[in-house]
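Note that the numbering runs from 1 along the sequence shown for the chain.
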Amino acid sequence: MQKYFLTTNRLGLRLLKKEDVEILIPYESDPDVQRFTPNGVKTREQTERMIDKCLLDYEKTGLPCFLIFDLATDEFIGRAVFFVWEGEDIEVGYGLHKKFWGRGYATEVLTILLQWAKNNISKEYITAYSDINNTSSIRVLEKCGMEYYKSDMHQGRFYRIKNG
């Protein structure tokens, strides 16, 4: 069995497993990393519930949750996910440990995720959310071809790209 579900030149994305809680706790509990996420920092219990939800959603919908690793060092870099948003939209999300910010990894991850979506998700659009103050994330979304299409009441902006 292959180790990674998706790969880029530098990164490997593998499906999330229940036992990944130990890998995720430092990431999910880091206030800097979680500053712009809607749910903020998570406790161990919240991280375990998030993993359970991802695994159940994958079983039901086929939309995966991934851990991201550096192919050269096998170091954990972050996580990525597809999920159903508000009953119909398919949203893509990603996040990286702050140690890996500014290296082009986010663009690399989002590019491979959007390519995967074209071949595996039969929705007209793929959406993504960004806090209005997260200018780095907004740049990544735009660089990958996503366009702003609406705001929400929680200082967020939604972007989307035609899927296909």
Inset, instruction - For residues 61-80, pull every pair meeting salt bridge (charged side-chain N to carboxylate O under 4.0 Å, His left out), keeping only residues two or more places apart or in separate chains. - result: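 Output for this query lists Lys3-Asp74, Glu28-Arg79, Glu75-Lys99.
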Inset, instruction - Would you mind listing every salt bridge (charged side-chain N to carboxylate O under 4.0 Å, His left out) that reaches into residues 100-113, with sequence neighbours excluded? - result: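 Qualifying pairs, neighbours excluded: Arg10-Glu108.
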Under the 3.5 angstrom rule, does the side chain of [X] hit a backbone N or O of [Y] as a donor-acceptor pair?
{"X": "Gln46", "Y": "Thr43", "value": "yes"}
{"X": "Asn163", "Y": "Ile121", "value": "yes"}
{"X": "Asp30", "Y": "Asp32", "value": "yes"}

Inset, instruction - Please name all residues satisfying salt bridge (Lys or Arg N to Asp or Glu O under 4.0 Å) with Asp131, sequence neighbours left out, ordered by chain then number. - result: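 Asp131 satisfies salt bridge (Lys or Arg N to Asp or Glu O under 4.0 Å) with no other residue.
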Inset, instruction - Quick one: list whatever passes salt bridge (Lys or Arg N to Asp or Glu O under 4.0 Å) with Arg160, sequence neighbours left out. - result: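 Arg160 satisfies salt bridge (Lys or Arg N to Asp or Glu O under 4.0 Å) with no residue once adjacent residues are dropped.
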Heavy-atom side-chain proximity of [X] to [Y] below 4.5 angstrom:
{"X": "Leu63", "Y": "Val84", "value": "yes"}
{"X": "Glu91", "Y": "Tyr129", "value": "yes"}
{"X": "Val21", "Y": "Ile25", "value": "yes"}
{"X": "Val92", "Y": "Val81", "value": "no"}
{"X": "Ile51", "Y": "Glu19", "value": "no"}
{"X": "Leu141", "Y": "Ser130", "value": "yes"}
{"X": "Ile138", "Y": "Tyr159", "value": "yes"}

Inset, instruction - Take Ile68 and Phe76 through the test side chain to side chain contact (heavy atoms under 4.5 Å, CB included) and record every step on the way to the result. - result: CA-CA 6 Å; Ile68 307 163; Phe76 172 67; 5.7 Å; no
Legend entry - Minimum-distance pair of heavy atoms, taken over all atoms of Leu96 and Ala106: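 Heavy atoms only, the tightest pair is CD1-N, 3.6 Å.
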Legend entry - Leu55 versus Lys17, closest heavy-atom pair with distance: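 For Leu55 and Lys17, the tightest heavy-atom pair comes out as CD1-C, 4.4 Å.
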Legend entry - Glu147 atom CD: more than 12 heavy-atom contacts under 6.0 Å: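 Atom CD in Glu147 is not packed in, count stays at 12 or less.
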Inset, instruction - Sort and list the pairs that fulfil side chain to side chain donor-acceptor pair (under 3.5 Å) and have at least one residue in residues 112-127, not counting sequence neighbours. - result: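 For residues 112-127, and leaving out neighbouring residues, the side chain to side chain donor-acceptor pair (under 3.5 Å) pairs sorted by first residue read Glu124-Lys162.
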Inset, instruction - For residues 48-67, pull every pair meeting side chain to side chain donor-acceptor pair (under 3.5 Å), keeping only residues two or more places apart or in separate chains. - result: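 Those involving residues 48-67 are Lys18-Asp52, Arg44-Glu48, Lys53-Asp57.
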Legend entry - Phe5 and Phe66: CA distance, side-chain angles, deciding distance, ring-ring contact (aromatic ring centres under 6.0 Å, His included) verdict: CA-CA 9 Å; Phe5 191 88; Phe66 298 109; 5.3 Å; yes
Inset, instruction - Flag yes if Leu13 and Phe83 sit in one hydrophobic cluster, no otherwise; membership is Ile, Leu, Val, Met, Phe, Trp, Tyr, and two members link when side-chain heavy atoms are under 4.5 Å apart. - result: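 Different clusters: Leu13 never reaches Phe83 through Ile, Leu, Val, Met, Phe, Trp or Tyr contacts under 4.5 Å.
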